[in-house]
Number of protein chains: 2
Amino acid sequence: MAETRWLDDEEQHAWRSYLRMNKLLEAALARELQADSQLSLPDFEVLVHLTDVPDARLRVSALARSLQWEKSRLSHQIARMARRGLVTREECPDDGRGAFVVVTPDGRRAIEEAAPPHVETVRQLFFDVLTDDDVKALTVLSERVLDRLDTHTP
Amino acid sequence: MAETRWLDDEEQHAWRSYLRMNKLLEAALARELQADSQLSLPDFEVLVHLTDVPDARLRVSALARSLQWEKSRLSHQIARMARRGLVTREECPDDGRGAFVVVTPDGRRAIEEAAPPHVETVRQLFFDVLTDDDVKALTVLSERVLDRLDTHTP
DNA sequence: GCGGAATAGTTGACACGTCATCCAGACGCG
DNA sequence: CGCGTCTGGATGACGTGTCAACTATTCCGC
């Protein structure tokens, strides 16, 4: 292995700022969402994807694909959400192994109440302090990193 | 409450790309670190801060400040790391309530082996695909968001 | 149609984080 | 000194995430 290419001061600073922004931004969004709607960010994501579809019902595997989550994670999440009455599981007549996840009326009410203030928070904490150029630059940058991640690990 | 200021397509896309980059980048870094060194990212952070100081020993509260972690989180983390022999707790003679966290020889070996490949991964997955201007822009952008977070929640 | 491989989903163990609570020792003030 | 309060830190419960193992069904080739 060649000499380690350590980070210089500027890189170090960039890296720390970026990591810190991620953590604190996510924490703030989670806190607000919880306070406004008793939902966690994972709850919110699941409900968004579920209600995005006719009947608000999806096969577990389809929902997992749509969220890009692994099935085990989703299974645990569904279990917790079902316990709180946000979704229910239903058997799948076509495939004895399969299952549907369905949004309950409570779940629908929750997401409809949660979405507007959540988007507003995202705006206030993020988009409102960025210029259009910032947003473009960040998008491009993110996609370059994502490409790299893709080629790096298949 | 006024009309919700929903995200337009470009904002939506930016937001998703950014979130996805965060998640996948962190996951990739964690995976590589684990594979190379049997350390988690939290382990790594704790060891970096501890070994950054003479004697590699710190009061729990000082370490918490340095990491900007809450004391409870740190306490749990120390417990897990102590169980694996990376650090030990020591009583504080000056203050009967207090405790020191000390890096063990195993812990020191672990961080010294872990650091170079970890930095290399950060380079390969992140800095190598960014221009200097990207890095500057990201730093400024992160700091603006952090400022906003600061004023938003004291 | 039967036996083995692939698929759908659940479960259990464990790491990590947060919150609320608890406890012991230090501190401050009469 | 004595008592209330503040502080350093640990703990337990719970939500979240990963990994590995398991179950039950379907699929496929003969």
Side-chain angles (χ1 to χ4, degrees), chain A residues 19 22-24 26-35 37-46 57-84 86-102 153, chain B residues 19 22-24 26-35 37-47 58-84 86-102 153:
Chain A
L19 292 181
N22 288 350
K23 290 290 179 210
L24 296 191
E26 174 165 355
L29 292 175
R31 226 182 311 111
E32 297 263 335
L33 184 59
Q34 190 74 57
S37 329
Q38 282 71 260
L39 292 181
S40 67
L41 287 172
D43 295 339
F44 186 83
E45 283 185 79
V46 167
R57 64 193 282 112
L58 276 175
R59 285 290 295 271
V60 173
S61 52
L63 182 53
R65 251 194 317 284
S66 149
L67 286 159
Q68 304 191 252
W69 284 14
E70 31 175 304
K71 56 188 185 160
S72 160
R73 175 182 179 189
L74 181 54
S75 190
H76 284 299
Q77 182 68 30
I78 298 296
R80 288 187 296 262
M81 290 177 74
R83 222 185 304 139
R84 290 190 293 140
L86 297 169
V87 300
T88 53
R89 277 189 245 253
E90 281 184 20
E91 289 186 8
C92 175
D94 298 358
D95 185 335
R97 300 163 298 182
F100 284 101
V101 193
V102 192
T153 27
Chain B
L19 292 181
N22 289 350
K23 290 289 180 212
L24 295 191
E26 175 166 354
L29 292 175
R31 225 181 313 109
E32 297 262 336
L33 184 59
Q34 189 74 56
S37 330
Q38 282 70 256
L39 292 181
S40 67
L41 287 172
D43 294 340
F44 186 84
E45 283 185 79
V46 167
L47 290 174
L58 276 175
R59 285 290 296 269
V60 172
S61 51
L63 182 52
R65 249 193 319 284
S66 149
L67 287 158
Q68 305 192 250
W69 285 14
E70 29 176 306
K71 54 188 186 160
S72 160
R73 174 181 180 190
L74 182 54
S75 191
H76 284 300
Q77 182 68 30
I78 298 296
R80 288 186 296 263
M81 291 177 75
R83 221 184 305 137
R84 290 190 294 138
L86 298 170
V87 299
T88 53
R89 279 188 243 255
E90 281 183 21
E91 289 186 6
C92 177
D94 297 357
D95 186 334
R97 299 164 299 181
F100 283 102
V101 192
V102 192
T153 26

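Residue numbers start from 1 in every chain, and the chains themselves are labelled A, B, ... in the order their sequence lines are given, proteins ahead of strands. Source: prediction; values computed, not measured.
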Indicate, with a heavy-atom threshold strictly under 4.0 Å, whether A:Ser72 touches base, sugar-phosphate, or nothing. base
A:Glu70 side chain, from C-beta outward: closest of D:dT26, D:dC19, C:dG17: D:dC19
Minimum heavy-atom distance between A:Val60 and A:Leu74, given as atom pair plus value: O-CD2, 3.4 Å
Quick check on D:dT7: is either OP1 or OP2 less than 4.0 Å from any side-chain nitrogen or oxygen of B:Ser61? no
Nearest-Å distance, CD (A:Glu91) to P (D:dT26)? 11 Å
Would you indicate which nucleotide in D:dG8, C:dC16, D:dT18 comes nearest to any side-chain atom of A:Arg73? D:dT18
B:Asp43: which of B:Gln34, B:Arg80, B:Gln77 passes side chain to side chain contact (heavy atoms under 4.5 Å, CB included): B:Gln77
Residue met sooner reading DNA chain C from 5', once A:Asp95 and B:Pro42 are mapped to nucleotides: A:Asp95
Judged by each residue's nearest nucleotide on DNA chain D, which is more toward the 5′ side, A:Pro93 or A:Leu41? A:Leu41
Length of the CD-P vector between B:Glu90 and D:dG9, whole Å: 14 Å
The side chain of A:Ser75 lies closest to which of these nucleotides: C:dC16, C:dT10, D:dG9? C:dT10
A:Gln77 CD to C:dT10 P, in whole Å, measures 13 Å
Return the nearest nucleotide to the side chain of B:His76; candidates are D:dG9, C:dG25, C:dT18. C:dT18
Specify the separation, in whole Å, of atom CG of B:Leu67 and atom P of C:dT18. 12 Å
To the nearest 0.5 Å, what is the distance between CZ on A:Phe100 and CZ on A:Arg89? 14.5 Å
Return the nearest nucleotide to the side chain of A:Arg80; candidates are C:dG17, D:dT26, D:dG15. D:dG15
To the nearest angstrom, the CD-C1' distance between A:Glu26 and D:dT16 comes to 11 Å
How is A:Arg89 classified with respect to the nucleic acid when contacts are heavy atoms under 4.0 Å: base, sugar-phosphate, or nothing? sugar-phosphate
Full working for side-chain contact (heavy atoms from CB on, under 4.5 Å) between B:Ile78 and B:Leu63: CA-CA 11 Å; B:Ile78 298 296; B:Leu63 182 52; 4.3 Å; yes
Contact class for A:Arg83 vs. all strands (heavy atom < 4.0 Å): base, sugar-phosphate, or nothing? sugar-phosphate
Student check: side-chain heavy atoms of B:Arg65 and B:Arg59 closer than 4.5 Å: no
Starting from P on C:dC19, measure out to CZ on A:Arg31 and report it in whole angstrom. 8 Å
C:dA15 C1' sits how many Å from B:Leu33 CG, rounded? 14 Å
Which whole-number value in Å describes the distance from A:Leu39 CG to D:dG15 P? 14 Å
